[in-house]
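Okay, handing you the structure first.
First the proteins, then the strands, lettered A, B, ... as listed; each starts at 1. Since we're looking at a predicted model, the values are computed, not measured.
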Amino acid sequence: MTHWLFKSEPGVFGIDDLAARGAEPWDGVRNYQARNLLRDRTAVGDPVLFYHSNCARPAIVGLAEVASSPRPDPTAFDPDSPHHDPKGDPAAPRWYLVDVRYRRHLARPITLAELKTHAEGALAGLALVRRGNRLSVMPLSPAQFDFILALEHRPAP
DNA sequence: GCCAACGTTGGC
DNA sequence: GCCAACGTTGGC
């Protein structure tokens with residue numbers, strides 16, 4: 001089992017959208033490093049921290065889980081999709097997705113600012129707290145995952 | 001809105 | 001294979 005953090009822009013698809021839909025194909029990943037992680041390391045039941053990026057208050061806001069095996073991302077072959085890949089070839093899929101299922105909102109958002117206060121400690125090495133990081137799907141160690149979830153029930157800083 | 005950081009593309 | 005140009009991400 002691998003523990004994950006998935007980024008999403010709340011203006012496009014936020015935790016409330018996932019809660020409303022129950023489960024959703026995590027399409028549109030178009031970065032090779034993220035693709036390799038999705039394709040090679042995800043398994044049904046893996047826990048996922050749901051992170052809101054590119055917004056006023058970047059934060060981890062919910063808990064989800066991987067709900068399918070990886071499979072080719074059909075939006076790559078759809079000319080009408082914003083994620084269409086002109087070089088996409090169904091015979092040799094380049095991009096993959098998994099389904100993600102909502103579990104719950106966190107008791108409070110754990111902001112990037114708060115997470116960064118642990119960048120030299122419990123969260124050392126976590127890509128999310130490194131400057132300039134653009135990876136939208138990243139693995140965490142079980143210890144990092146547990147540490148972040150434990151913050152939820154501490155008072156907001 | 002700004003801009004730094006990053007990944008990708010393509011000329012050479 | 002190098003690297004400049006470009007487009008995108010994402011914090012602030």
Side-chain angles (χ1 to χ4, degrees), chain A residues 2-21 24-42 46-64 66 70-100 102 105-141 144-145 147-152 154-157:
Chain A
T2 306
H3 296 70
W4 299 97
L5 184 144
F6 283 16
K7 293 182 184 175
S8 190
E9 300 188 21
V12 178
F13 190 85
I15 188 67
D16 293 339
D17 299 301
L18 185 64
R21 311 211 87 204
E24 186 75 0
W26 202 258
D27 59 23
V29 172
R30 296 293 181 268
N31 167 284
Y32 286 103
Q33 190 180 355
R35 187 281 308 270
N36 292 345
L37 289 165
L38 274 182
R39 187 190 58 187
D40 302 337
R41 293 186 54 189
T42 54
D46 282 355
V48 175
L49 295 171
F50 194 105
Y51 176 81
H52 279 172
S53 69
N54 198 17
C55 57
R57 245 173 122 239
I60 296 170
V61 292
L63 189 60
V66 174
R71 64 178 184 278
D73 180 347
T75 65
F77 314 125
D78 176 1
D80 296 327
S81 167
H83 306 303
H84 179 235
D85 176 5
K87 289 183 271 190
D89 174 8
R94 182 191 316 243
W95 304 115
Y96 283 75
L97 59 71
V98 294
D99 291 343
V100 172
Y102 175 79
H105 283 60
L106 297 194
R108 65 177 179 88
I110 301 170
T111 64
L112 180 62
E114 177 177 1
L115 293 166
K116 280 184 169 173
T117 67
H118 303 285
E120 313 299 326
L123 300 183
L126 179 62
L128 186 73
V129 298
R130 286 204 298 264
R131 195 171 55 120
N133 130 76
R134 295 171 58 174
L135 191 59
S136 63
V137 169
M138 68 184 74
L140 300 81
S141 71
Q144 289 171 335
F145 187 95
F147 178 83
I148 291 170
L149 271 192
L151 293 175
E152 173 186 26
R154 308 217 302 231

Please state how far atom NE2 in A:His52 lies from atom C1' in C:dT9, giving the value in whole angstrom units.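 Checked: the NE2 to C1' distance equals 17 Å.
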
So, does A:Lys87 get its side chain near the phosphate of B:dT8, meaning an N or O under 4.0 Å from OP1 or OP2?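 A:Lys87 to B:dT8 OP1/OP2: no side-chain N or O under 4.0 Å.
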
Value in whole Å for how far the P atom of C:dG11 lies from CZ of A:Arg130: 15 Å

Take atom CZ of A:Arg131 and atom P of B:dA4, then tell me their distance rounded to the nearest Å.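 From A:Arg131 CZ to B:dA4 P: 10 Å.
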
Name the orientation class of the two ring planes belonging to A:Trp26 and A:Phe6 (parallel below 30°, tilted from 30 to 60°, perpendicular beyond 60°).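 Taking A:Phe6 first and then A:Trp26, their aromatic rings sit tilted (interplane angle of 30° to 60°).
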
First of A:Gly132 and A:Asn54 reached from the 5' end of DNA chain B, by closest nucleotide: A:Asn54

Interface residues of residues 28-39 of chain A with DNA chain C (non-hydrogen, below 4.0 angstrom): none

Could you work out, with side chain to side chain donor-acceptor pair (under 3.5 Å) as the rule, every residue matching A:Gln33, not counting sequence neighbours? none

Residue A:Lys7, side-chain atoms from C-beta onward, closest of C:dG10, B:dT9, C:dG11: C:dG10

Roughly, in whole Å, what's the span from CG in A:Leu112 to C1' in C:dT9? 14 Å

At less than 4.0 Å, is any side-chain N or O atom of A:Tyr51 found next to OP1 or OP2 of C:dG11? Yes or no. yes

Test item: A:Leu115 and A:Leu151 side chains (from C-beta on) under 4.5 Å apart, heavy atoms: yes

Does a side-chain N-to-carboxylate-O contact under 4.0 Å join A:Asp99 and A:Arg71? yes

Are A:Trp95 and A:Phe77 near enough that their ring centres are under 6.0 Å apart?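 Here the rings of A:Phe77 and A:Trp95 have centres that are no less than 6.0 Å from each other.
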
Whole angstroms only, please: what is the CG-C1' distance between A:Leu135 and B:dA5?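 That distance rounds to 14 Å.
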
State whether a side-chain donor-acceptor pair under 3.5 Å links A:Asp16 with A:His105. yes

Atom CG of A:Asn133 to atom C1' of C:dT9: distance rounded to whole Å? 10 Å

